[in-house]
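I am attaching a structure below and will ask some questions about it afterwards.
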Amino acid sequence: MLAPTMDQQPTELAVDGQAGSKHASSKQESSKRESSKKDGMLAVAAIAALTFALHMAVNGRYGYFRDEFDYIICGNHPAWGYVDQPPLVPILSRIFRGIFGDSLRSIRLMPALSASALMLLTGMITRELGGKRFAVVLSALAILIAPIFLSGGSLLTSNCDLEVLLWTGCLYFAIRAAKSDEPRYWLWFGVTAGIGLEEKYSILVLGFAIVIGLLLTGQRKFLGSKWMWLGGTVAFLILLPNLLWNINHHWPFVELMRKIKADGRDVALTPWQFFSQQILLIHPLTAPIWITGLIAFCVARRFQPLRFLGWTYLVSFAVFVILKGKNYYLAPIYPVYLAAGCVVIDSAIDNSIDSIRQTWLKPMLIAILLAGGAILAPLAMPILPIDQFITYMQWLPIKLPRSEHSHMRAVLPQHYADQFGWNEIVDEVALAWNKLPADERKDCGIFAQDYGQAGAIDFLGPRYGLPQSLSGHQTWWLWGPREYSGNCLIVLDDTRETLETLFEHVDFVGSSRDNPYALERDLPVFICRGAKFGSLAKLWPSLKKWS
């Protein structure tokens with residue numbers, strides 16, 4: 001009688017222990033949820049989810065963007081580098097297309113996810129800087145309404161919100177290292193920076209600025225840490241395959257940048273113009289927030305360990321101004337300064353003597369930001385039908401800046417104008433292709449003048465039975481003439497006079513249908529036969545066009 005009773009006792013205790021463990025685990029999960037509510041991260045997650053839903057709702061409008069063709073087609077030719085970019089975005093585009101297909105929403109899924117992740121990371125940084133619930137939520141809303149970040153979640157480019165996320169990730173680990181005086185975080189900084197270098201080389205400016213900031217402040221001690229050097233080594237190793245690719249191809253990216261500067265393609269900005277356009281890109285209503293954050297990093301006692309971040313911004317700004325960079329090159333740095341500004345503003349409101357002011361000021365700030373964000377949102381993402389957008393743009397009291405001289409003639413901002421006209425171009429090329437006898441098509445290539453035209457033919461052309469295009473522009477030039485002899489070419493966007501110096505017979509097929517919204521419009525298309533230049537392989541070096 002006693003033995004069975006004693007045998008049963010441990011079982012009951014075990015059951016009680018499991019129940020207690022489950023109860024403790026449940027209490028921990030409940031505590032975490034309560035903590036998320038109190039620190040604002042649950043609200044940030046909701047804002048991030050709504051932002052993702054907004055991008056998914058509107059990202060299928062208008063059309064494929066010029067640069068998206070570049071990333072998509074480069075992704076079809078896997079390599080450790082390309083003339084105008086490292087390999088990460090093309091690789092990711094191929095993965096997302098392989099899983100989700102070729103629709104606009106599928107191609108823009110990665111930028112949309114990055115936009116939402118950026119809000120979550122900014123909220124985490126705000127909390128790390130000592131921000132309470134309102135500051136955390138306010139920082140996410142500041143990210144939400146910034147036109148440059150809205151646009152970065154709407155297009156697949158190397159400037160999309162993935163770039164911002166990687167810069168912000170680097171700064172997050174730098175903050176953790178300095179705040180906790182824990183140099184191991186510099187290793188993770190290096191990992192993130194290495195991935196960032198495979199996404200876009202301009203993250204080198206951030207690394208340089210942080211080193212200068214550390215040198216000029218008491219945190220210079222980190223520069224002697226083995227973890228800082230390990231982080232740098234890891235970043236270098238991640239970049240190494242792309243570095244070797246550049247060496248093997250004689251530094252094409254450097255040559256491209258040199259050629260762009262020599263041609264004067266980009267609009268050169270004065271320091272004041274560059275600064276004023278930062279205010280527009282991040283949103284005029286958030287300028288007081290990030291400027292407050294910048295000043296706080298420079299002078300506030302609470303941010304003493306992070307003083308180097310004040311110098312980081314100033315050095316980054318100076319580098320891009322000196323190098324005549326485009327206005328959006330500095331955009332990835334702002335989430336951290338928005339986070340710091342939100343912390344300072346929240347503390348100032350809480351420390352106000354007037355309790356009534358504390359009650360209404362915070363809701364008013366949120367309402368003002370949301371209203372201001374809604375007003376400028378159509379500039380950044382395709383919310384409005386295009387005819388309504390033109391009316392809206394004319395109604396705005398501000399004139400949108402143009403970053404390249406060739407964009408001045410466009411009716412729309414370049415990030416919208418370059419989403420139109422591609423179907424019309426491919427239609428005209430298909431018309432020329434169908435004029436060729438079947439036996440002539442095998443050795444007749446299609447030559448485009450730039451990667452937008454070439455990419456549109458490569459991506460949209462297969463439905464018409466078109467072969468992959470040829471071009472001397474950037475990475476297409478590296479892919480060469482393939483096996484084409486050059487005795488028959490369909491040539492886009494050239495003149496009869498030029499082509500007649502190269503071919504015996506030049507037949508004008510027609511011009512692409514006019515699209516009033518497009519930058520590339522009314523392009524002439526020719527069928528050229530009888531090469532005077534020998535072989536296409538012999539002519540190919542002279543067709544190189546890197547600008």
Side-chain angles (χ1 to χ4, degrees), residues 63-64 66 69-70 72-79 82-83 102 420-515 518 520-546:
Y64 295 94
R66 170 195 299 275
F69 291 133
D70 187 19
I72 290 168
I73 304 307
C74 285
N76 290 342
H77 296 78
Y82 305 93
V83 170
D102 286 339
F420 293 92
W422 306 114
N423 285 306
E424 290 83 351
I425 292 170
V426 175
D427 286 346
E428 195 63 31
V429 172
L431 182 63
W433 181 256
N434 290 329
K435 287 180 177 293
L436 296 174
D439 60 345
E440 198 173 11
R441 292 179 183 179
K442 184 177 181 182
D443 189 38
C444 193
I446 301 172
F447 189 88
Q449 302 299 328
D450 60 53
Y451 67 68
Q453 300 168 11
I457 292 165
D458 289 356
F459 184 71
L460 302 173
R463 71 185 70 168
Y464 300 99
L466 300 181
Q468 297 294 283
S469 64
L470 303 169
S471 181
H473 196 218
Q474 295 186 12
T475 304
W476 267 259
W477 184 82
L478 290 183
W479 295 332
R482 301 171 190 162
E483 300 300 321
Y484 291 108
S485 68
N487 282 316
C488 177
L489 284 178
I490 296 173
V491 181
L492 286 73
D493 197 17
D494 213 322
T495 65
R496 179 183 289 276
E497 292 74 21
T498 300
L499 295 173
E500 285 179 344
T501 65
L502 298 171
F503 296 91
E504 298 289 347
H505 306 285
V506 176
D507 297 320
F508 175 67
V509 176
S511 294
S512 60
R513 295 191 318 276
D514 184 30
N515 188 315
E520 302 256 8
R521 52 196 289 192
D522 293 319
L523 300 190
V525 177
F526 300 89
I527 297 176
C528 305
R529 297 178 174 92
K532 296 179 181 179
F533 47 78
S535 69
L536 187 57
K538 182 179 178 181
L539 180 67
W540 198 255
S542 67
L543 298 177
K544 185 177 184 181
K545 180 184 175 184
W546 289 5

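Everything numeric here is computed off the predicted structure, so don't read it as measured data.
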statement: Exactly one candidate in Tyr451, Phe69, Phe459 meets ring-ring contact (aromatic ring centres under 6.0 Å, His included) with Trp422; the answer is Phe69

- prompt: Do Val426 and Val429 touch side chain to side chain, with heavy atoms closer than 4.5 Å?
  reply: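 Sidechains of Val429 and Val426: no contact.
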
message: I'd like to check the side chain to side chain contact (heavy atoms under 4.5 Å, CB included) partners of Ala79; sequence neighbours left out, ordered by chain and number.
response: Tyr82, Trp245

message: Ignoring hydrogens, what is the shortest heavy-atom contact between Pro481 and Ala537? Give both atom names and the distance.
response: CG-CA, 3.9 Å

query: Given the rule in the side chain to side chain contact (heavy atoms under 4.5 Å, CB included) test, do Trp476 and Val83 qualify, once you have shown the distances and angles that lead to the verdict?
result: CA-CA 9 Å; Trp476 267 259; Val83 170; over 6 Å; no

query: With side chains defined as the heavy atoms from C-beta onward, is the minimum distance between Lys544 and Leu478 less than 4.5 Å?
result: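 No, their side chains stay 4.5 Å or more apart.
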
- request: Can you label the angle between the Phe533 ring and the Phe503 ring as parallel, tilted or perpendicular, going by 30° and 60°?
  value: perpendicular

- prompt: Atom CZ of Arg463 and atom CG of Asn423: how far apart are they, to the nearest 0.5 Å?
  reply: 6.0 Å

message: I need the minimum non-hydrogen distance between Gly486 and Ala531, along with the two atoms involved.
response: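 The answer is O-CB, 3.6 Å.
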
task: Could you grab the distance from atom CG of Asp450 to atom NZ of Lys545, nearest 0.5 Å is fine?
output: 5.5 Å

message: Are Leu489 and Leu470 packed together at the side-chain level, in the sense that at least one heavy-atom pair is separated by less than 4.5 angstrom?
response: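 They are in side-chain contact.
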
field: Heavy-atom donor-acceptor pair, Asp443 side chain to Asn487 backbone, under 3.5 Å
entry: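 Flag not set: sc Asp443 to bb Asn487 has no pair under 3.5 Å.
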
- prompt: What pairs with Trp546 under ring pair (Phe, Tyr, Trp, His ring centres under 6.0 Å), at least two apart in sequence or on another chain?
  reply: Trp477

- request: Return the minimal non-hydrogen interatomic distance between Ile457 and Pro467, and the atom names on each side.
  value: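 Closest pair (atom of Ile457, atom of Pro467, distance): CG2-O, 4.0 Å.
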
Sub-4.5 Å side-chain heavy-atom contact between Val525 and Trp433: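 No - every pair of side-chain heavy atoms lies 4.5 Å or more apart.
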
- request: Please list, chain by chain and in numerical order, all residues satisfying salt bridge (charged side-chain N to carboxylate O under 4.0 Å, His left out) with Asp514, sequence neighbours excluded.
  value: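 With sequence neighbours excluded, Asp514 shows a salt bridge (charged side-chain N to carboxylate O under 4.0 Å, His left out) to Arg521, given in chain and number order.
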
query: Quick one: are Val509 and Lys435 in side-chain contact, heavy atoms under 4.5 Å?
result: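 Contact flag for Val509/Lys435 side chains = yes.
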
- prompt: Do Ile425 and Ser512 touch side chain to side chain, with heavy atoms closer than 4.5 Å?
  reply: yes

message: Check the orientation of Phe447 and Trp540. Use parallel for under 30°, tilted for 30 to 60°, and perpendicular for over 60°.
response: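 Ring orientation, 0 to 90° scale: perpendicular.
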
- request: Enter the distance from Tyr484:OH to Lys442:NZ here, rounded to the nearest 0.5 Å.
  value: 11.0 Å

field: Point-to-point distance, once rounded to the nearest 0.5 Å, from NZ of Lys532 to CG of Leu539
entry: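 Nearest 0.5 Å value for the NZ-CG distance: 13.0 Å.
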
field: salt bridge (charged side-chain N to carboxylate O under 4.0 Å, His left out) partners for Glu504, two or more places apart
entry: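 For Glu504 there are no salt bridge (charged side-chain N to carboxylate O under 4.0 Å, His left out) partners, ignoring immediate neighbours.
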
task: Rounded to the nearest 0.5 Å, what's the gap from CD on Gln449 to OG on Ser471? Could you check?
output: 7.0 Å

- request: Return the set of residues passing salt bridge (charged side-chain N to carboxylate O under 4.0 Å, His left out) with Asp507 (not counting sequence neighbours), or none when no residue passes.
  value: Arg529

query: Please walk me through it: do Ser469 and Asp458 pass side chain to side chain donor-acceptor pair (under 3.5 Å)?
result: CA-CA 6 Å; Ser469 64; Asp458 289 356; 2.9 Å; yes

Atom pair CG (Leu466) and CD1 (Ile446), whose distance is rounded to the nearest 0.5 Å: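 Output value for this atom pair is 4.5 Å.
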
query: Among pairs that include at least one residue of residues 470-496, which meet salt bridge (charged side-chain N to carboxylate O under 4.0 Å, His left out), considering only residues two or more places apart or in two chains?
result: Arg496-Glu500

field: Option among Glu424, Arg513, Gln453 that satisfies the side chain to side chain contact (heavy atoms under 4.5 Å, CB included) test with Leu523
entry: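 With Leu523 as partner, side chain to side chain contact (heavy atoms under 4.5 Å, CB included) holds for just one option, Gln453.
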
